[in-house]
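Computed from a prediction, not measured in an experiment: that's the story for all the values here.
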Amino acid sequence: MPKTYGFHYLSEDGDHLYRLITAGHQTVARESYCWNGLTRGGRGFIFQYTLQGAGRLRFGTEYYDVGMEQAFLVKVPSDHEYAISPEHGAEWEFLWVRFDGLGAEELWQEWMAKLGPVAGFSPESPSIVLLRQLYRDASAKQTGDRFDISLRIYEWMLTLLRMLAGKEVAAADKIPAPYRQAAAIMDQHFAEELTLTQIAGEVKLSPNHLCGIFPRYYGATPMEYLRNRRIENAARMLRENSLPIAQIAARCGYSNTSYFGKVFRKVLGLAPTSFREAGPEEIQDVLQLLE
């Protein structure tokens with residue numbers, strides 16, 4: 001039996017409050033279950049976390065499995081659609097929250113830029129703990145007034161921002177083997193041409209699953225992690241020897257020296273030549289960006 005709790009706001013509440021539009025817990029087992037982000041009513045952002053089973057999300061022309069301990073974040077309206085995924089089980093159980101407010105758009109944009117539509121969350125992560133508590137309080141009618149709700153949504157959004165900032169990186173001994181193996185492949189073969197599909201194939205995961213879960217443990221997507229390892233090694237070579245920049249770029253996986261320079265500057269804020277000539281204190285500050 002689906003349980004959904006809706007919240008209504010007066011127009012005079014203005015744009016200053018964070019709004020909880022709906023919160024719910026549901027198990028679906030019918031193939032007809034489907035939501036389209038261009039045809040459903042209203043506005044806001046939907047965060048939906050899978051407890052059991054799996055769903056499938058279409059975002060634009062791309063498709064993503066949303067399995068256990070994975071969540072998606074989508075904007076309404078936007079070109080997306082999600083439905084149950086029959087090949088992954090007969091049922092799909094999930095928690096969700098639909099929310100809106102100051103900064104929600106920026107949060108969604110940062111999520112999309114760093115993770116894509118789908119990301120993994122441990123059940124013990126602050127985002128999911130607060131989501132469960134919010135749902136329990138909604139079902140018990142103990143969420144408080146609109147100001148209390150606004151504060152809770154703001155606190156919950158901060159947990160997502162913290163995750164996006166890489167503050168929830170797990171200890172190495174708690175990282176499952178496939179993700180440790182993926183990181184090791186990139187650590188050891190950063191100079192080679194590597195694609196997300198190749199890395200995922202080596203560790204026997206789908207590219208979508210690897211891209212969704214990897215940031216939980218390393219604070220970056222696989223391709224961001226690979227980029228950082230390449231730039232980290234390039235920075236070391238720039239300081240330790242006088243090799244031409246083109247050779248260093250090639251040894252770190254970049255066949256195009258100009259592109260290497262753009263990536264290096266984007267990550268560290270200095271051109272390779274400037275980095276090579278910078279003083280020790282400035283170098284230390286810059287290298288913290290790769291941690």
Side-chain angles (χ1 to χ4, degrees), residues 73 103 105-117 119-120 157-172 175 179-200 202 207 210-291:
L73 181 63
E105 173 79 24
E106 291 75 12
L107 167 64
W108 176 71
Q109 289 178 356
E110 184 173 354
W111 172 297
M112 291 298 299
K114 291 187 174 181
L115 304 177
M157 287 172 59
L158 284 179
T159 68
L160 297 184
L161 288 170
R162 183 178 293 275
M163 183 271 289
L164 290 170
K167 302 299 186 182
E168 278 193 48
V169 180
I175 300 176
Y179 307 103
R180 283 189 281 109
Q181 291 167 4
I185 289 170
M186 292 183 278
D187 290 340
Q188 297 166 17
H189 301 282
F190 63 86
E192 302 172 18
E193 277 195 31
L194 290 175
T195 67
L196 179 63
T197 300
Q198 289 172 331
I199 298 167
E202 288 290 330
L210 177 62
C211 202
I213 301 294
F214 191 89
R216 181 200 305 175
Y217 302 113
Y218 291 96
T221 66
M223 292 297 98
E224 288 172 340
Y225 182 91
L226 176 60
R227 176 204 65 192
N228 288 352
R229 298 293 75 75
R230 286 172 168 169
I231 297 302
E232 182 179 60
N233 280 276
R236 176 181 55 79
M237 292 181 195
L238 284 165
R239 300 296 287 184
E240 291 181 355
N241 58 61
S242 58
L243 285 173
I245 290 175
Q247 288 189 31
I248 291 176
R251 292 186 182 190
C252 293
Y254 293 98
S255 57
N256 185 307
T257 306
S258 176
Y259 179 67
F260 163 71
K262 290 179 181 178
V263 175
F264 193 97
R265 187 182 187 96
K266 179 180 178 181
V267 175
L268 295 184
L270 291 173
T273 302
S274 300
F275 180 88
R276 174 174 264 169
E277 297 171 352
E281 291 185 3
E282 186 177 3
I283 292 299
Q284 187 62 35
D285 291 340
V286 168
L287 290 179
Q288 288 180 358
L289 297 172
L290 291 170
E291 294 178 356

Shortest non-hydrogen contact between [X] and [Y], atoms and distance:
X      : Y      : result
Leu196 : Met223 : N-CE, 3.8 Å
Phe260 : Pro272 : CE2-CG, 3.8 Å
Trp111 : Ala119 : CZ2-CB, 3.8 Å
Ile199 : Ala182 : CG2-CB, 3.9 Å
Thr273 : Ile245 : OG1-CD1, 3.3 Å
Ile213 : Gly120 : CD1-CA, 3.4 Å

Could you give the distance from [atom1] ([X]) to [atom2] ([Y]), rounded to the nearest 0.5 Å?
X      : Y      : atom1 : atom2 : result
Asn233 : Asn228 : CG    : CG    : 11.0 Å
Met186 : Phe214 : CE    : CZ    : 3.5 Å
Leu164 : Leu115 : CG    : CG    : 5.5 Å
Ser274 : Leu268 : OG    : CG    : 11.5 Å
Thr159 : Met163 : OG1   : CE    : 8.0 Å

Side-chain touch [X]/[Y], heavy atoms, less than 4.5 angstrom:
X      : Y      : value
Phe190 : Leu226 : yes
Lys114 : Pro215 : no
Phe275 : Arg239 : yes
Leu160 : Glu110 : no
Arg230 : Phe264 : no

Is a side-chain N or O of Arg276 found less than 3.5 angstrom from the main chain of Asn241, in a donor-acceptor match?
->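 Confirmed, Arg276 side chain pairs with Asn241 backbone.
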Residue pairs involving residues 182-194 (criterion side chain to side chain donor-acceptor pair (under 3.5 Å); sequence neighbours excluded) =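 Counting only pairs at least two positions apart or across chains, the side chain to side chain donor-acceptor pair (under 3.5 Å) contacts touching residues 182-194 are Asp187-Tyr225, His189-Glu192.
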Please assess Glu224 against Arg227 for the test salt bridge (charged side-chain N to carboxylate O under 4.0 Å, His left out), listing each intermediate value before the final yes or no.
-> CA-CA 5 Å; Glu224 288 172 340; Arg227 176 204 65 192; 5.2 Å; no
Please work out which of the three classes, parallel, tilted or perpendicular, describes the rings of Tyr254 and Tyr259, given edges at 30° and 60°.
->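 Ring orientation of Tyr259 relative to Tyr254: tilted.
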Judged by modelled atom types alone, do Gln198 and Glu202 share a side-chain donor-acceptor pair under 3.5 Å?
->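 The answer is no; no qualifying pair exists.
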